[in-house]
Number of protein chains: 2
Amino acid sequence: MKDTERLAGETARDFAFRVLKDNIISLDLVPGSLISENDISSQLGISRTPVREAIIDLSKASIIEIYPQRGSYVSLIDPKMVEEARFLRRVLDCAVIKVACESADPDVLEKIEENLSLQDFYLVREAADKILDLDNEFHKLIYTAAHKDIVYEIRSTIMIHFDRVRTLSVEAVKDMKIVADHHAMYNAILNHDKETAVALVDKHLSRYRLDESKIKEEFPEYFK
Amino acid sequence: MKDTERLAGETARDFAFRVLKDNIISLDLVPGSLISENDISSQLGISRTPVREAIIDLSKASIIEIYPQRGSYVSLIDPKMVEEARFLRRVLDCAVIKVACESADPDVLEKIEENLSLQDFYLVREAADKILDLDNEFHKLIYTAAHKDIVYEIRSTIMIHFDRVRTLSVEAVKDMKIVADHHAMYNAILNHDKETAVALVDKHLSRYRLDESKIKEEFPEYFK
DNA sequence: TCTTGTAGACTTGTATACAAGTGTATCTGT
DNA sequence: ACAGATACACTTGTATACAAGTCTACAAGA
């Protein structure tokens with residue numbers, strides 16, 4: 001497991017949660033691997049209690065499975081779970097972008113423009129990790145523009161299943177299409193064009209479905 | 001706070017979570033009240049650790065607010081939060097009932113019929129609490145029929161905000177309409193009639209919106 | 001009277017000890 | 001050699017001690 005620096009003011013529990021989540025998404029903690037509360041706590045230099053609390057949090061999202069008195073394991077990638085995550089994301093993204101088309105917060109629109117210009121900036125430099133962060137921020141901003149921040153929190157709890165699959169499928173060529181999608185979505189919001197916006201969300205999501213079968217062939221041991 | 005018996009095989013943490021959640025929904029723990037980890041643990045006869053873990057869980061759903069080194073409080077009823085919960089419920093219920101209209105699991109349909117007959121049974125006996133339980137089960141069954149159980153879990157984490165408002169607005173006369181709605185929804189699913197189903201979900205939800213302003217007048221100290 | 005500081009009783013955050021269950025490796029007896 | 005008992009090294013679950021921050025009441029001094 002890759003561990004990072006503990007941020008200033010960050011509680012031990014938040015630290016453990018952040019490190020575990022990042023390592024699960026990045027697949028440095030591979031699906032199916034054992035997570036020992038003792039090991040993690042000694043690696044991070046904190047006690048078992050905050051580590052345990054972080055693990056319980058993650059188990060709520062079904063990304064870690066706790067077997068009492070036996071051990072805790074990183075969940076295998078469950079196609080059914082990924083499918084439900086995709087369903088949830090599609091339903092929420094569509095509903096929220098419709099609201100954004102009706103009435104978007106002007107201040108947030110400004111931030112979206114800034115975000116998009118940065119996506120262009122890093123696109124030409126082929127900085128996939130930067131694009132990924134900006135991608136996440138872009139979608140969060142749409143929720144904020146629609147005043148649906150709590151719904152976004154809900155979305156992100158399950159989206160970890162999706163992000164993990166996304167880690168396996170980063171392709172440089174795809175980033176271009178993704179960024180183009182984002183620009184198109186933003187324009188649809190500006191034009192109050194719900195139909196186009198929803199169609200774009202669908203197209204955007206379909207990009208991930210394609211290579212899932214390829215991934216499954218390449219990494220069968222990660223799947224349930 | 002009303003405390004109940006600890007169920008057989010139930011962990012201390014699950015016990016604390018269940019008791020706290022039930023008391024928050026029933027408003028025996030009134031909005032804004034202080035929740036002391038020490039008090040709860042001594043009341044329930046368990047130690048602080050599992051109580052603390054339960055409180056952290058509930059704070060994830062924003063139903064309890066933890067202020068480090070100061071105290072943990074039951075969240076006041078936040079109209080914005082309730083509105084987002086309503087939005088989320090509407091979006092999810094509509095999307096899922098559409099799937100159920102397309103293809104519903106026959107075994108689950110059988111269970112829904114059983115549930116509906118029980119709703120009729122308790123309706124004539126005016127057993128509001130039984131109706132409430134059956135109401136929750138009914139909606140969960142629709143999710144199961146559509147094979148969207150994980151989405152239902154997500155739904156229930158935020159629905160606590162909604163349930164709490166519902167506690168303030170139980171009216172015998174309303175139960176009749178609710179049960180009638182359920183029958184109509186079930187028929188729409190049988191008839192694969194998506195349009196009617198979605199319209200029913202909308203009508204169903206609108207029943208709660210009506211008396212929210214009345215509640216706010218009656219219990220202003222519960223609101224943010 | 002008003003300010004200030006200080007003691008103390010809270011709070012949550014963290015560390016650690018112990019309880020209890022599980023799986024494995026090993027030893028023992030047949 | 002094989003079956004079964006057993007010790008041991010794990011695991012998570014729970015209890016408890018202590019650390020550190022916050023608020024309040026109250027007394028001392030200007």
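So that the names make sense, note that chain A is the first sequence line, chain B the second, and so on, each numbered from 1. Just so it is clear, the model here is predicted, and its values are computed rather than measured.
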In whole Å, what is the span from the OH atom of B:Tyr67 to the P atom of C:dT12?
-> 13 Å
Apply the test side chain to side chain contact (heavy atoms under 4.5 Å, CB included) to residues B:Phe15 and B:Thr11: give CA-CA distance (whole Å), side-chain angles for both, the deciding distance (0.1 Å), then the verdict.
-> CA-CA 6 Å; B:Phe15 176 46; B:Thr11 64; over 6 Å; no
B:Ser36 near the nucleic acid: base, sugar-phosphate alone, or nothing, with a heavy-atom cut-off under 4.0 Å?
-> sugar-phosphate
Nucleotide C:dT12, atom P - distance to CD1 of B:Ile35 in whole Å | 9 Å
Quickly work out the B:Asp39 CG to C:dC10 C1' distance and round it to whole Å.
-> 10 Å
B:Glu10 side chain to B:Leu7 backbone, donor-acceptor under 3.5 Å = yes
Is it true that A:Lys98 and A:Glu102 make a salt bridge, defined as a side-chain N closer than 4.0 Å to a carboxylate O?
-> no
Taking DNA chain D as the partner, which of residues 2-23 of chain A come within under 4.0 angstrom of it by heavy atom?
-> none
Integer-rounded Å distance: D:dT14 C1' and A:Glu53 CD = 13 Å
Would you say the side-chain atoms of A:Tyr143 and A:Asp93 include a donor-acceptor pair closer than 3.5 Å?
-> yes
Separation of C:dT14 atom C1' from B:Glu37 atom CD, nearest Å, is 12 Å
Just by protein heavy atoms under 4.0 Å, how would nucleotides 17-24 of chain C read 5' to 3' in B, S and -?
-> B--BBSS-
Distance in angstrom units between A:Ile55 CD1 and D:dG13 C1', rounded | 13 Å
Among the candidates D:dT12, C:dT12, C:dA15, find the nucleotide nearest to the side-chain atoms of A:Thr49.
-> C:dA15
Show me the donor-acceptor pairs, under 3.5 Å and distance only, between side chains in residues 61-70 of chain A and residues at least two apart or in other chains.
| unit_1 | atom_1 | unit_2 | atom_2 | d |
| --- | --- | --- | --- | --- |
| A:Glu65 | OE1 | A:Tyr67 | OH | 2.7 |
| A:Glu65 | OE2 | A:Ser75 | OG | 3.4 |

If only side-chain N and O atoms of A:Ser47 are considered, is one of them under 4.0 Å from the OP1 or OP2 phosphate oxygen of C:dA15?
-> yes
Between A:Ile46 and B:Asn38, whichever has its closest DNA chain C nucleotide further toward 5' is B:Asn38
All pairs passing side-chain hydrogen bond (donor to acceptor under 3.5 Å, both in side chains) where residues 36-45 of chain B contributes a residue, at least two apart = B:Glu37-B:Arg48, B:Glu37-B:Arg52
Is it true that B:Lys140 and B:Asp135 make a salt bridge, defined as a side-chain N closer than 4.0 Å to a carboxylate O?
-> no
A:Arg52 side-chain N/O to D:dT12 phosphate OP1/OP2 under 4.0 Å | no
side-chain hydrogen bond (donor to acceptor under 3.5 Å, both in side chains) with A:Lys60: which residues, sequence neighbours excluded?
-> B:Asp57
Between B:Leu44 (CG) and D:dT14 (P), how many Å, whole number?
-> 13 Å
C:dT11 phosphate, OP1 or OP2, under 4.0 Å from B:Ser72 side-chain N/O | no
List the atom pairs, with distances to 0.1 Å, where a side-chain N or O of residues 105-114 of chain B and a protein N or O form a donor-acceptor pair under 3.5 Å, not counting sequence neighbours.
| unit_1 | atom_1 | unit_2 | atom_2 | d |
| --- | --- | --- | --- | --- |
| B:Asp105 | OD1 | B:Asp107 | N | 3.0 |
| B:Asp105 | OD2 | B:His147 | NE2 | 3.4 |
| B:Glu113 | OE2 | B:Tyr186 | OH | 2.8 |

For atom CD1 of A:Ile64 and atom C1' of D:dT12, their distance in whole Å | 13 Å
